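Here the structure is laid out as structure tokens; the discussion comes afterwards.
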Amino acid sequence: MIKITFPDNSVREYAAGTTSLQIAESISSRLAQDVLAASVNGEIWDLTRPITQDATVKLFKWDDEEGKHAFWHSSAHLMAEALQILYPGVKFGIGPAIENGFYYDVDPGEGVTIKEGDFPAIEAKMLELVAKKEEIRRNEISKTDALSMFGDRGEVYKTELISELEDGKITTYTQGEFTDLCRGPHLPNTSYLKAVKVLSVAGAYWRGDEKRKQLVRLYGITFPKKKMLDEYLVLLEEAKKRDHRKIGKELELFTFSTSVGAGLPLWLPRGTQLRLKLEDFLKRIQKKYGYQQVITPHIGSKQLYVTSGHYAKYGKDSFQPIHTPQEGEEFLLKPMNCPHHCEIYKAFPRSYKDLPVRFAEFGTVYRYEQSGELHGLTRVRGFTQDDAHLFCRPDQLKNEFLKVMDIIFIIFKALDFENFEAQISLRDPENKEKYIGSDDNWDKAERAIVEACQEKGLKARIELGEAAFYGPKLDFMVKDALGRRWQLGTIQVDYNLPERFELEYTGEDNKKHRPVMIHRAPFGSMERFVAVLIEHTGGKFPLWLTPDQVCILPVSEKFNDYAWEVAKTLENQDIRVLVDDRNEKVGRKIRDNELKRIPYMLIVGEKEAEKGEVSVRKQGEGDKGSMEITTFATLLCEEVESMMNRWQITN
């Protein structure tokens, strides 16, 4: 008999060789129907894998990430099995589960294409295999046998992967006539996959290398119920309507130019206005919290990034070094702002009385993302980080951490990102040698983060082994209006850069000490944040943020002059205004400007001009009646000011 410990610390005995599925059945038949995967001593296992010794077991269902991962990983194999039947000779790359669904990279062979029109046939074959209820079997295999098995089939991509694996730790999974190299875990059989959908097709270079062959990447998604797929497809259509690239074009926010270069966004006047308002918003908050704005160059000596370690990390993903007329002199477009901020800290001797020091910069950085990975504003080659680096004493760490959390909460509330999760990433207590810094410093830093979350009442998931090598961190994953998760805010503790740059302060004991460094970016990158904000709001930005707060619509050309007088009056109150003086009917103007998501429309005609008034329409609410220009201006300004007061960031 073996002892199985459950998450509530209860213990039951089972016969050696019992599976997680049998354990679920012993608890309830309903649980056995719903469970998809299990963790055994912290490792995710197949439900049908025998447990031969005492273990701690946790069962995962659909609502658990681990459950979805096993479900969608099995679905990737299901799609690959269908492709093997439909496209004889197809070669397989990798097929992982992703946040929403899965993909598989395949090489269909010379002259063979897989296009959107082929999706129904692939889906039909997948459902046919589901109906067969094929068992999914795990098998441990030697490296020699694996190379022979996949080599005999001409699976060049798989044999390349196998050649890099350690013998004794290689497994395959088989269902029907399909066998794949895979770690797992997987579902017991294919019958769990009730609803399937092939979503899209794209190109992907093998192993992300533009010099290697481009494979076909097929994306798909599956669900345990057809109703869930139907609901997802509705959300997918809504997501297409909210696509930031589509809305960005409609609202004239940003553009790209092949003449400038792929992945290098051009911010148009309205987009620039939006971005500057975001920057101003954060600057006002930072001023309240004692930050100092700094500006650093877009380039730096290569040696700066060698010292910081960024050259080793980002060298392959960076633009090539810039060579100057001076022999041997090299510069890089900066991949990160933190090395520059370290040099600013070093510019003057620091005392314990000077700390904490808080440097903030909207600093543009550059990384050479592969062309196939570029996507609108979410994946670009040049982006601006709302970077700040705090240098503090160890005893100040917790308080500084709490203040950074306050800033992130203000931003999330102001932009209606109130549905979020937090993750505390700590070091692996069983593998401390891969981290830098003393045990004492790590213990203090980790305790500070945990206590800060407790004081804020923030329920944060703790993940051991997920810390960066230089320190623990706290990440915020925000759910948008469609329920999609985005990582936005991050706070990281760093012992590495102060060590690398030999940063010091003179302590109360008159000795030299290393400061602790905190990296902080509530937005992350301005480009990615704006993309997420566009899709979250559908382009209907908050009144304080939107590029155009008011559009004035004269009912005919006779009232254009009055419209411009109204505009000038409002602009004098710092209200952002545009005038639609096209020779169009007012109904057409209203429809067109509603599509531009402008919060207020002011209609002016003979009656309004005579009385010095405007007829007010509010986005989503319709006609609000007529009022004097100054009355409207006061109401709008008060509406904006009340928002700022709510977040306590008024000047």
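Since we're looking at a predicted model, the values are computed, not measured. Along the sequence shown, residues are numbered consecutively beginning with 1. Just the heavy atoms: all of them, side chains too, but no hydrogens, waters or symmetry mates, feed the values below.
Listed by first and then second residue, the side-chain hydrogen bond (donor to acceptor under 3.5 Å, both in side chains) pairs that reach into residues 248-268 are K246-E250, E250-R597, E252-R270, sequence neighbours excluded.
Remark: L268 CG to Q273 CD distance equals 13.0 Å, nearest 0.5 Å. With rounding to the nearest 0.5 Å, the separation of CG in L497 from SG in C338 is 5.5 Å.
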For residues 453-460, run the donor-acceptor check on the side chains, cut-off 3.5 Å, and write out each pair with its distance to 0.1 Å, sequence neighbours left out.
{"residue": "E455", "atom": "OE2", "partner": "K398", "partner atom": "NZ", "Å": "2.5"}
{"residue": "K456", "atom": "NZ", "partner": "D406", "partner atom": "OD1", "Å": "2.4"}
{"residue": "K456", "atom": "NZ", "partner": "D406", "partner atom": "OD2", "Å": "3.4"}

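Classification of E466 and K473 as a salt-bridged pair fails, no side-chain N sitting under 4.0 Å from a carboxylate O. Using a 4.0 Å cut-off between a side-chain N of Lys or Arg and a carboxylate O of Asp or Glu, E400 and R393 do not qualify as a salt bridge.
For the residue pair T296 / E361, a side-chain donor-acceptor distance below 3.5 Å is found, with atom types taken as modelled. There is a side-chain donor-acceptor pair under 3.5 Å between Q286 and R520. In the model, E641 has no side-chain atom that pairs as donor or acceptor with a side-chain atom of W544 under 3.5 Å. Counted by atom type alone, Y505 and D354 present zero donor-acceptor pairs between their side chains at under 3.5 Å. Counting only N and O atoms by type, the side chains of D480 and W486 include a donor and acceptor under 3.5 Å apart. Checking Y345 against H389 by side-chain atom types alone, no donor-acceptor pair falls below 3.5 Å. At a cut-off of 3.5 Å, with distance as the only test, no side-chain donor of T546 or R576 sits close to an acceptor on the other residue. Between the side chains of Q423 and S425, a donor-acceptor pair is found at a separation under 3.5 Å. With no hydrogens or angles considered, a side-chain donor-acceptor pair links T384 and T364 at under 3.5 Å. With no hydrogens or angles considered, a side-chain donor-acceptor pair links Q492 and Y470 at under 3.5 Å. A donor and an acceptor atom, one from each side chain of H323 and E329, are nowhere located under 3.5 Å apart.
A pairwise comparison of heavy atoms in T378 and H244 identifies CG2-CE1, 3.8 Å as the closest pair. When all heavy atoms of D105 and A204 are compared, the closest pair comes out as OD1-CB, 4.0 Å.
Ring centers of H536 and F417: under 6.0 Å apart, within the cut-off. Close placement of the F92 and Y104 rings is indicated, their centers lying within 6.0 Å of each other. A ring-centre distance under 6.0 Å is not found for Y311 and Y305.
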With side chain to side chain donor-acceptor pair (under 3.5 Å) as the criterion, how do T506 and K511 come out once you've worked through the C-alpha distance, each side chain's angles and the decisive distance to 0.1 Å?
CA-CA 6 Å; T506 302; K511 294 179 181 179; over 6 Å; no
Derivation and outcome, side-chain contact (heavy atoms from CB on, under 4.5 Å), residues E279 and L276
CA-CA 5 Å; E279 291 184 11; L276 290 176; 4.0 Å; yes
